[in-house]
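These notes are about the structure you will find just below.
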Amino acid sequence: MPELPEVETIARGVELRLRGDRILEARFGSYPKLFKTPSARQAKGLEGRAILAVHRTGKHIVCELGAAGWILQSHPGRKLRNADPSTTLRMARVGHPGADLEEWEDSSSAQWIVHLGMTGRLLVTPAEAPVAPHTHVRLSLASGRELRFVDPRRFGRLDFRDLSLSAAFSAAGADPLTVTADEFAQIFRSRRLTIKAALLNQKLLSGVGNIYADESLFRVGIRPRRLCARLTRAELESLRLALLVVLEHAIQLGGSSVSDYVDAGGERGFFQLEHCVYQRGGQPCLRCQTPIRRIVLAGRGTHYCPKCQR
DNA sequence: CATTTCACCTGGTGGC
DNA sequence: TGCCACCAGGTGAAAT
């Protein structure tokens, strides 16, 4: 299940491969709920646009796209012109993946926003690669490759924003990697819900899911059932730091491949080998040998050590 | 209004 | 061996 480290890994992988490439043709499957808004349903909205950058916001992958209708063919060193200069944006030399970006004037850029849900994958493949079952989107690229969205369980969602019509996408909650100690304390202080439920709430903190909630609570020694309002300021700060360490370590290891998660190149992550409690119910705690307990909290399987976590 | 519960999905698992 | 009920969980709508 893609959480912050998995989404970050995929976004980086897609950016590395596709920055400077161009979408020539977009083909969507026929599952209406895949699209969050009517504009996301329009394949034409993506066609002709250059991929300027790809990044993560919360659990969302945001592809920054240039204006459509740019010169389709270019060669190294040639500069491309934009017809409508009003705001400044970075623009790629299209058709040359990895090319240095230059400053361009652009008022009609857009964002393609991908949420992977439970089982979604974004894959960069050769155009001739076999099409996996449950492939809902195929973007043909100027480089001859394809960006594919595959999602068996269909919890993933796609959105599209024309930045000349609407504001850029932003996460509802704070990012765990950049939130300050004061902000973090402010978010959780005086809330009457369990810390586990709060960590999973994307409107409070964006990016933490079931795995990293359980793992960070174990590392900081706090029981998932504790109420936010009962946590001391010191405990909250320790939790913020534990989250930071766990998430950054997981990013370094390419995320957790617990079900079928792979990155944009099809590679598995390795952080599942570092899991202390997640899906280890009944097995001995790695620190004290007490059997790890599994309960259901906030409707989710929740794992903790009854001795190490208070 | 804040918080909790539930439906949406399908592949994998375990029981008989 | 085969079949089927059941579970996983991110999100948002519905319920409390």
Side-chain angles (χ1 to χ4, degrees), chain A residues 1-11 28-38 40 56-62 113-122 132-137 149-159 169-176 186-217 224-231 243 247 250 255-262 268-269 271-272 275 277-282 292-304:
Chain A
M1 43 235 70
E3 304 178 24
L4 187 152
E6 292 77 29
V7 176
E8 179 73 32
T9 301
I10 293 168
F28 293 162
S30 55
Y31 181 64
K33 288 185 183 175
L34 176 63
F35 307 103
K36 212 171 172 197
T37 59
R56 175 194 65 80
T57 299
K59 292 179 189 172
H60 298 262
I61 296 164
V62 181
I113 301 146
V114 179
H115 192 289
L116 298 170
M118 286 287 298
T119 55
R121 297 179 176 192
L122 267 187
H134 310 294
T135 298
H136 304 302
V137 174
F149 175 67
V150 183
D151 184 17
R153 220 158 291 184
R154 301 202 282 197
F155 281 4
R157 293 293 179 263
L158 304 179
D159 205 355
F169 177 79
S170 65
D175 192 289
Q186 191 62 41
I187 288 168
F188 295 101
R189 170 191 304 162
S190 78
R191 283 194 184 272
R192 279 197 300 279
L193 73 167
T194 64
I195 186 60
K196 166 83 183 231
L199 286 173
L200 294 180
N201 186 336
Q202 303 300 297
K203 287 175 182 163
L204 302 179
L205 213 56
S206 293
V208 179
N210 209 33
I211 297 172
Y212 298 100
D214 282 5
E215 292 298 322
S216 58
L217 285 171
R225 253 199 281 253
R226 293 274 301 280
L227 295 180
C228 292
R230 297 276 180 80
L231 295 175
L243 264 173
L247 293 171
S256 302
S257 289
V258 288
S259 53
D260 54 357
Y261 160 78
V262 291
R268 290 166 58 83
F271 192 73
Q272 67 277 8
H275 290 177
V277 290
Y278 182 74
Q279 285 192 342
R280 292 196 65 249
I292 297 298
R293 198 165 287 172
R294 183 187 188 279
I295 60 174
V296 174
L297 194 52
R300 297 288 168 262
T302 298
H303 318 75
Y304 69 97

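No experiment lies behind these values; they were computed from the predicted model shown. In the text below, chain A, chain B and the rest are named by the order of the sequence lines, each starting its count at 1.
Per the stacking criterion (ring centres < 5.5 Å, plane angle < 30°), A/Phe155 stacks onto the base of B/dC8.
Remark: P of B/dC8 and CZ of A/Phe35 are 20 Å apart, rounded to the nearest angstrom. In this structure, A/Glu3 atom CD and C/dG10 atom C1' are separated by 9 Å, rounded to whole Å. One interatomic measurement links the two molecules: CG of A/Asp159 to P of C/dG12, which rounds to 11 Å at whole-angstrom precision. Atoms CD (A/Glu6) and P (C/dG9) sit 13 Å apart, rounded to a whole Å. To the nearest angstrom, P of B/dT3 lies 11 Å from CG of A/Leu227. A/Met118 places its CE atom 15 Å from the P atom of C/dC7, with the value rounded to the nearest Å. If you take CG of A/Leu199 and P of C/dG9, they are 15 Å apart, rounded to a whole angstrom. In this structure, A/Lys196 places its NZ atom 8 Å from P of C/dG9, rounding to the nearest Å.
Nucleic acid contact for A/Arg157: none, since no nucleic acid atom lies under 4.0 Å from a heavy atom of the residue. No contact: A/Lys203 has no heavy atom under 4.0 Å from any strand. Among the protein residues, A/Arg154 comes within range of the sugar-phosphate backbone only, with heavy atoms under 4.0 Å from sugar or phosphate atoms but none that close to a base. Across all strands, A/Gly156 comes closer than 4.0 Å to no nucleic acid atom at all (heavy-atom distances). Looking at heavy-atom distances under 4.0 Å, A/Tyr212 makes no contact with the nucleic acid at all.
Contact check, A/His134 against B/dG11: a side-chain N or O comes under 4.0 Å of OP1 or OP2. Regarding contacts with the backbone of C/dA8, every side-chain N or O of A/Tyr261 stays at 4.0 angstrom or more from both OP1 and OP2.
Counting heavy atoms of neighbouring residues, nucleotides and ligands inside a 6.0 Å radius, atom CZ of A/Arg189 exceeds 12 of them. Shown here is A/Arg226, whose CZ atom has more than 12 heavy atoms of other residues, nucleotides or ligands within 6.0 Å.
On a pure distance criterion of 3.5 Å, a polar donor-acceptor pair joins the side chain of A/Arg300 and the base of C/dT11. Between the side chain of A/Arg191 and the base of B/dA2, no donor-acceptor pair under 3.5 Å is found.
Nearest-nucleotide mapping onto DNA chain B: of A/Lys33 and A/Ser190, the residue sitting toward the 5' end is A/Ser190.
Using modelled atom types, one finds a donor on one side chain and an acceptor on the other under 3.5 Å when comparing A/Asp214 with A/His303. Inspection of the A/Asp175 and A/Ser206 side chains reveals no N or O donor paired with an N or O acceptor under 3.5 Å.
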**OP:** Verify side-chain contact (heavy atoms from CB on, under 4.5 Å) between A/Arg191 and A/Leu227, making sure each step is shown before the conclusion.
**Re:** CA-CA 7 Å; A/Arg191 283 194 184 272; A/Leu227 295 180; over 6 Å; no
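Listed nucleotides C/dG9, B/dT4, B/dC9 differ in distance to A/Asn210; the shortest reach to its side chain belongs to C/dG9. Side chain of A/His115, nearest nucleotide from B/dC9, C/dG10, C/dG9: C/dG10. When the nucleotides C/dT11, B/dC8, C/dA8 are ranked by their closest atom to the side chain of A/Lys59, C/dT11 comes out on top. Looking at the side chain of A/Arg153, the nearest of the listed nucleotides B/dT3, C/dG10, B/dC9 is B/dC9. Here the side chain of A/Lys36 is nearest to one of C/dG12, B/dG11, C/dG9, namely C/dG12. Relative to the side chain of A/Gln202, the nucleotides B/dC9, C/dT11, C/dG10 differ in distance, and C/dT11 lies closest.
Without hydrogens or angle criteria, A/Glu3 side chain to A/Lys59 main chain gives no donor-acceptor distance under 3.5 Å.
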